[in-house]
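Chain letters run A, B, ... following the sequence lines, proteins first and then strands; every chain starts at 1. Worth knowing before you read on, the calculation uses all heavy atoms, side chains too, and leaves out hydrogens, waters and symmetry mates.
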Protein chains: 2
Amino acid sequence: MFQKVLIAEDFQGDNKSIVDTLKSELNIAEIQEEYYCDKAFNRLKAALNNQEAYDLLITDLSFKENHIPQKLTSGVALIDAARKVQPDLRIIVNSMEENSVKIKSLFDTYHINAYVCKGRQSLDELVKAMHEIGNGNTYLSPQIDLNTAKNVFELDELDLFILKNLAEGLSKKEIRYKLKKEDLRPNSESAIDKRVSNLFAEFGAKNSTELVAKLIREGLI
Amino acid sequence: MFQKVLIAEDFQGDNKSIVDTLKSELNIAEIQEEYYCDKAFNRLKAALNNQEAYDLLITDLSFKENHIPQKLTSGVALIDAARKVQPDLRIIVNSMEENSVKIKSLFDTYHINAYVCKGRQSLDELVKAMHEIGNGNTYLSPQIDLNTAKNVFELDELDLFILKNLAEGLSKKEIRYKLKKEDLRPNSESAIDKRVSNLFAEFGAKNSTELVAKLIREGLI
DNA sequence: CAATGCCTTACAGATATCTGTAAGGCATTG
DNA sequence: CAATGCCTTACAGATATCTGTAAGGCATTG
């Protein structure tokens, strides 16, 4: 089914259990694990250059930072880099993320082959996902409902700029000056007011505090 | 070192890797794993009643909820319940939590014996923690610095009430009425203003939006 | 029981937030 | 090139937020 599998996962427990499960449940010639995105990507590239490309990447989304600075700091960055050098690589994402909007974008943007949500059955699901991919299908953890991810409101650069500064306690006047200083437009207070009011309607918030609270909880800012 | 060990961990990968590691690295007569706090607690109680008490509990802090309703919904609830029936039980917490305030309170309030933070070495750390506990010591993951947890500002019931309602977009006037309705005191707008102003100073926030944003990010509300 | 400190409350004033209206700019369309 | 829609901007007015002051209540202390 799969000859060479690469695993990118920073937690030792998850990493070890994935390796062990693959070894015992599936017949794979070569399994290699990495704890950092950069190392995983280098290994992927090297294999590709030596005509020994991996045919499956299993990766987490979030990787803990530490004193060693990394170029690729997240699973998304790794997937993006991997897709560029090896478009036909099959990819399984194995993460705690439950936000259907974010998961949907992984399928839409990067055409991942499976999403396995970490949980009480995630190792079993991982094996299942690999069988599905082997049969040419995709796999998605059953508790994730991508239908709720429809009609997503896209926060553009200006929205994010305003929201992040609101969350840092800046007034709209201060945000206005900051926008001007960075030559971003529009930058009138009216425009900021309008943006924020539209976001109130979009996210069902009554004021800035509730808006910022909701967006932080949804992981959008 | 340990005769009977109970593991409470909802993620299959973590659960399996802990069991495997303990089996291969340490000489333990009986290892039992559970995926739900309620089940773990029942097993603990039953063993105690049969004079076959566990001498070590390894537990996660956060447990995913699903359709099966649980009495104990978190590791803290499990630890609290366990301590009440078996005060001398040794406890290792193995979690992603990095907030030193919360970790400190586990040592202070529940006298846990070790805190292992999930990460790139957490299985090795877990083994190390067990040796330390065997020698009568405690263990704490080196990346956690409990000194930063000193002089913590305690949010009381009223603070939390105000903050939660602010995060839901209520105005101070609305919060005031709500306090009156629930017969909570103080409930003047002035008192609410004062509370919030003190929290600004305490958490270094310039206004309500920043305050709520900070506290949500710190996991306090 | 007077003095003290701390909390609550009321009130005032300066800003900030939020909504709504109206005018002008710009790109698109027929 | 007139008409249209959409965005930006300015402005106004109603509220809400935030700070500061002052008075009163209450428990504690000597």
Practice task
Measure from CZ on Arg195(B) to P on dC6(C) and round the result to the nearest Å.
Solution key: 15 Å
Handout entry: Length of the CG-P vector between Asn198(B) and dC6(C), whole Å
Key = 13 Å
Exercise for the section: Extract the stems that DNA chain D is part of, considering only consecutive pairing runs of at least three Watson-Crick or G-U wobble pairs, both distances under 3.5 Å. Expected result: C:1-30 with D:1-30
Practice task
Determine, for Lys118(B) against Asp14(A), whether the closest basic-nitrogen to carboxylate-oxygen distance falls under 4.0 angstrom.
Solution key: no
Exercise for the section: Measure the distance from CG on Leu211(A) to P on dT19(C) and round it to the nearest whole Å. Expected result: 11 Å
Practice task
With sequence neighbours excluded, tell me which residues meet salt bridge (Lys or Arg N to Asp or Glu O under 4.0 Å) with Lys206(A).
Solution key: Glu210(A)
Problem - Nearest-Å distance for atom pair NZ/C1', residues Lys206(A) and dT19(C) - result: 16 Å
Problem - N or O in side chain of Ser197(B) less than 4.0 angstrom from dT19(D) OP1/OP2 - result: yes
Exercise for the section: With sequence neighbours left out, write down each residue that passes side chain to side chain contact (heavy atoms under 4.5 Å, CB included) with Arg176(A), or none if nothing qualifies. Expected result: Lys180(A), Glu189(A), Ile192(A)
Practice task
Whole angstrom is fine here: how far is it from CG in Leu199(B) over to C1' in dC18(D)?
Solution key: 14 Å
Practice task
Starting at atom CD1 of Ile192(B), determine the distance to atom P of dT19(D), rounded to an integer number of angstrom.
Solution key: 15 Å
Practice task
Return the set of residues passing side-chain hydrogen bond (donor to acceptor under 3.5 Å, both in side chains) with Asn113(B) (not counting sequence neighbours), or none when no residue passes.
Solution key: none
Handout entry: Between P of dC6(D) and CG of Leu158(A), the distance in whole Å
Key = 19 Å
Practice task
Check the side chains of Tyr36(B) and Asn66(B) for a donor-acceptor pair under 3.5 angstrom, ignoring hydrogens and angles.
Solution key: yes
Exercise for the section: Mark yes or no for whether Asn198(B), through its side chain, and Arg195(B), through its backbone, hold a donor-acceptor pair below 3.5 Å. Expected result: no
Handout entry: Modelled atom types, side-chain donor and acceptor of Asn165(B) and Glu174(B), under 3.5 Å
Key = no
Fill in the blank from the handout: Expected string for nucleotides 10-17 of chain C under the B/S/- scheme (protein heavy atoms, under 4.0 Å, primed atoms plus P, OP1, OP2 as sugar-phosphate) is BB----SS
Practice task
Would you list the pairs meeting salt bridge (Lys or Arg N to Asp or Glu O under 4.0 Å) in which at least one residue belongs to residues 70-81 of chain A, sequence neighbours left out?
Solution key: Asp80(A)-Lys84(A)
Handout entry: Check: Asp10(A) side chain, Lys64(A) main-chain N or O, donor-acceptor pair, under 3.5 Å
Key = yes
